[in-house]
2 protein chains.
Amino acid sequence: MRTVAKQAGVSYQTVSRVINEASGVAPETRSRVLTAMRELGYRPSLAARSLARNRTEIVGLVLPSSVDLTFADAHLLQMVGGVDRGVSDNDYSTLLASPKESEPVLSAFRRLVRQRTVDGVLIEAGMGEEGVALLVDAGYPVTVIGHTSLDVPSVRPDDESGAYVAMQHLLALGHRRIALIGSENPGNLAVAARRSGCDRALADAGLALDMSLVERGEWTIASGRAATERLLDLPAPPTAVFAFNDSMAIGTLQVARERGIEVPRQLSVLGFDDTPSAALLTPALTSVRVFSAEQGERAARTLIGILRGMTPPSSPVILPSQLVVRSSTAPLTR
Amino acid sequence: MRTVAKQAGVSYQTVSRVINEASGVAPETRSRVLTAMRELGYRPSLAARSLARNRTEIVGLVLPSSVDLTFADAHLLQMVGGVDRGVSDNDYSTLLASPKESEPVLSAFRRLVRQRTVDGVLIEAGMGEEGVALLVDAGYPVTVIGHTSLDVPSVRPDDESGAYVAMQHLLALGHRRIALIGSENPGNLAVAARRSGCDRALADAGLALDMSLVERGEWTIASGRAATERLLDLPAPPTAVFAFNDSMAIGTLQVARERGIEVPRQLSVLGFDDTPSAALLTPALTSVRVFSAEQGERAARTLIGILRGMTPPSSPVILPSQLVVRSSTAPLTR
DNA sequence: TTCCCTCTCGTGAACGGTCACATGTGTGAT
DNA sequence: ATCACACATGTGACCGTTCACGAGAGGGAA
């Protein structure tokens with residue numbers, strides 16, 4: 001910078017002013033500095049700037065280490081894409097900060113705190129709340145992508161109304177024996193919201209949930225299969241299955257096919273998340289779309305807004321979800 | 001740091017030595033410093049260190065901005081996961097540096113150069129070679145993930161032998177009228193390698209490629225559909241279709257189904273990449289797996305090795321690919 | 001003319017580390 | 001006792017910015 005200053009015949013401070021587009025520099029001087037910068041191929045050092053300003057213009061992104069990179073994680077990729085868009089549009093950069101597979105998740109957060117290399121952090125809700133708390137305690141601005149019980153800014157899909165609309169869809173098709181897979185995971189707030197959407201739809205129709213048709217699920221194809229096996233073995237099996245994510249719905253489709261049960265004629269199947277694969281299945285899966293990329297982008301904007309001094313939103317930002325009807329659901333036939 | 005030094009009754013330089021685990025500090029002093037650090041909640045500033053050392057321990061990762069986040073990009077997600085693993089295992093961090101959608105791809109590279117915030121860059125081959133050249137000219141160590149004609153370190157799958165084995169598979173099943181979709185994209189090195197694998201397999205069997213069965217393809221489902229329509233309209237349609245990625249193979253499956261052509265009984269279909277969705281299709285798609293995560297990880301390790309002063313590999317690192325046989329290919333029936 | 005204010009620019013001191021070197025200790029060999 | 005040498009620690013300068021000032025030039029009003 002000093003070199004540029006000399007070449008342009010000004011002081012380094014003036015160069016700094018030009019770089020930061022600060023006012024108070026004569027147009028003629030500015031252009032002289034600019035050409036000097038160009039001639040010397042000068043590039044400012046982000047490190048020095050970070051040191052002086054005490055901020056890096058980098059935000060961290062913590063998401064589950066995708067050990068088993070199943071297709072379900074397509075949601076994550078979209079989120080990452082959205083985050084990066086929101087971040088780079090604001091002239092920040094995104095630093096990946098997932099835990100190593102060999103370490104406890106919390107240490108990823110600790111590392112982030114220790115290294116002091118980011119100004120704020122975006123956290124996928126699946127990472128758990130201790131980590132979020134840890135960062136907040138360390139004074140980091142934070143935004144959570146997904147549900148959180150903590151009092152921090154967050155962006156999430158409208159799971160409740162997504163599930164509500166999905167359930168209404170099944171009810172409108174005439175289904176009454178509707179199974180739920182994955183609704184019994186206590187402590188998972190997304191699940192709770194979806195479940196409550198289901199309950200509301202049933203209540204609106206003057207019905208109640210048949211608890212014998214409610215199965216746990218671990219979000220994997222395998223657990224979807226297992227749950228479906230149990231459901232279909234019931235004396236009075238369901239006529240529709242609402243799985244709380246697409247992977248488990250895929251498990252349902254597989255088992256149904258193996259048993260020669262035709263979907264959707266004999267069994268309607270509904271998923272959640274609307275993974276890109278959903279449209280490719282046979283039959284194409286009806287699902288609830290959650291707009292992962294938009295969530296990521298919105299979260300990024302929120303966080304950077306906070307970093308820039310705006311007051312954080314006092315309540316979670318809720319993005320609409322949307323039922324995508326395909327060919328895995330059909331009217332009840334008797 | 002000065003504060004810690006005072007508290008521990010030593011000089012700041014000693015503190016620095018402790019932090020960097022340098023030798024030449026008495027065990028007793030070290031522990032005294034460590035407790036002082038703990039008591040004061042001291043965390044070293046990465047920015048200051050970067051400034052002094054003139055490196056940041058951060059590597060950039062440039063990949064196509066996933067505008068249309070189709071499922072095909074699952075490959076990208078896996079790559080990112082692998083990269084981050086390789087990077088963080090070496091105590092570096094990964095900075096996302098994809099171009100914004102609104103800007104030309106080159107400007108993402110320029111930004112990277114201008115900001116000087118990374119020590120080296122990983123580049124997905126799809127980003128084009130001008131960007132790579134730009135970074136190299138600017139003095140950045142670089143590693144390409146995928147095929148490149150430039151003389152830079154790179155990591156890529158063995159497309160040639162992958163295609164070779166796949167083609168052998170079809171030939172062994174008795175197929176002779178084998179169509180190729182996507183092999184006619186000049187300049188794409190991955191395509192060239194796959195094509196040459198096909199040619200070799202045919203030559204080994206004393207056969208030659210029937211050019212009337214070779215179709216271009218744009219890597220999308222839609223273009224796979226279009227190519228398949230043309231192929232099936234031929235007076236003597238193929239008995240097997242080898243698409244150069246899974247998306248196009250999906251297009252083939254779709255068209256076949258619409259026309260009532262049974263896969264694999266009447267038509268064998270083979271994909272490339274082995275996207276996670278491949279296993280979920282009906283019928284499950286036979287495909288060539290390329291181990292995206294491993295590529296990313298390996299590239300990361302290579303780059304960081306270079307940053308640490310190792311001599312870069314003189315030729316591309318080639319990771320094996322593997323034919324995954326599922327149910328979309330079957331013996332030829334007459 | 002004088003005063004004051006604004007615009008433009010320059011100076012010194014941080015920011016929090018690292019590097020190269022100088023300085024002090026104890027130990028063993030001569 | 002002397003010297004050399006390894007080991008442990010301290011000192012000054014520097015990395016490349018920004019920040020809080022201060023200072024000079026020019027212009028308008030009194």
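The basis for the numbers below is simple: all heavy atoms, side chains too, and nothing from hydrogens, waters or symmetry mates. Remember, it's a predicted structure, so these values are computed and weren't measured experimentally.
Counted within 6.0 Å of CZ on B/Arg298, heavy atoms from surrounding residues, nucleotides or ligands total 12 or fewer; the atom is thus considered open. More than 12 heavy atoms of other residues, nucleotides or ligands lie within 6.0 Å of CG in A/Asp137, so this atom counts as buried by the packing criterion.
Of the two residues near DNA chain D, B/Val10 and B/Leu51, the one whose nearest nucleotide lies more 5' is B/Val10. Where A/Arg49 and B/Pro27 each meet DNA chain D at their nearest nucleotide, the meeting point lying more 5' is that of B/Pro27. When each of A/Glu28 and A/Arg2 is assigned the nucleotide of DNA chain C bearing its nearest heavy atom, the one mapping closer to the 5' terminus is A/Glu28.
Going from atom OH of A/Tyr42 over to atom P of D/dG16 covers 10 Å, rounded to whole Å. Rounded to a whole Å, the CZ atom of A/Arg53 is 17 Å from the P atom of D/dG16. One interatomic measurement links the two molecules: NZ of B/Lys6 to C1' of D/dG10, which rounds to 15 Å at whole-angstrom precision. The interatomic distance linking B/Arg17 (CZ) with D/dC7 (C1') rounds to 11 Å, in whole Å. The nearest whole Å value for the distance from the CG atom in A/Asn54 to the P atom in D/dA20 is 13 Å.
For a distance-only test at 3.5 Å, the side chain of A/Arg43 fails to qualify as a donor-acceptor partner of the base of D/dG16.
Defined by atom type and a distance below 3.5 Å, a donor-acceptor pair is missing between the side-chain atoms of B/Glu57 and B/Ser93. Side-chain contact annotation: B/Asp159 with B/His147, donor-acceptor N/O pair under 3.5 Å present. No side-chain N or O of B/Ser321 forms a donor-acceptor pair with one of B/Asp158 less than 3.5 Å apart.
At the phosphate of D/dG10, OP1 or OP2 sits under 4.0 Å from a side-chain N or O atom of B/Ser11. Distances shorter than 4.0 Å separate none of the side-chain N or O atoms of B/Tyr12 from OP1 or OP2 on D/dA13.
Just one of A/Leu112, A/Ile145, A/Leu135, A/Leu61 meets the side-chain contact (heavy atoms from CB on, under 4.5 Å) condition when paired with A/Ile123; it is A/Leu135.
At least one side-chain heavy atom of A/Thr117 sits under 4.5 Å from a side-chain heavy atom of B/Ile58. Put simply, the side chain of B/Trp219 does not reach to within 4.5 Å of the side chain of B/Asp273, judged on heavy atoms. The closest side-chain heavy-atom distance from B/Glu124 to B/Val62 is not below 4.5 Å. B/Glu130 places none of its side-chain heavy atoms less than 4.5 Å from the side chain of B/Leu134.
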**Fill in**
In 5'-to-3' order, the base (B), backbone-only (S) or no-contact (-) status of each nucleotide in nucleotides 23-28 of chain D, using a 4.0 angstrom heavy-atom cut-off, is ------
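Read 5' to 3', the first and last nucleotides of DNA chain C with an atom closer than 4.0 Å to a heavy atom of chain B are C/dG16 to C/dA20.
At a threshold of 4.0 angstrom between heavy atoms, the contacts of B/Asn20 are confined to the sugar-phosphate backbone, with no base atom among them. Using a 4.0 Å heavy-atom criterion, one finds that A/Arg116 contacts the sugar-phosphate atoms exclusively. Using a 4.0 Å heavy-atom cutoff across all strands shown, A/Thr29 reaches sugar-phosphate atoms only and no base atom.
Direction change of the helix axis from one end of the helix from C/dT1-D/dA30 to C/dT30-D/dA1 to the other is 50°, with five pairs defining each end axis (rounded to 10°).
Ion pairing between A/Lys100 and B/Asp91 holds under the 4.0 Å rule for side-chain N and carboxylate O.
The two residues B/Ile304 and B/Gly86 come nearest to each other via the heavy atoms CD1-O, 4.2 Å.
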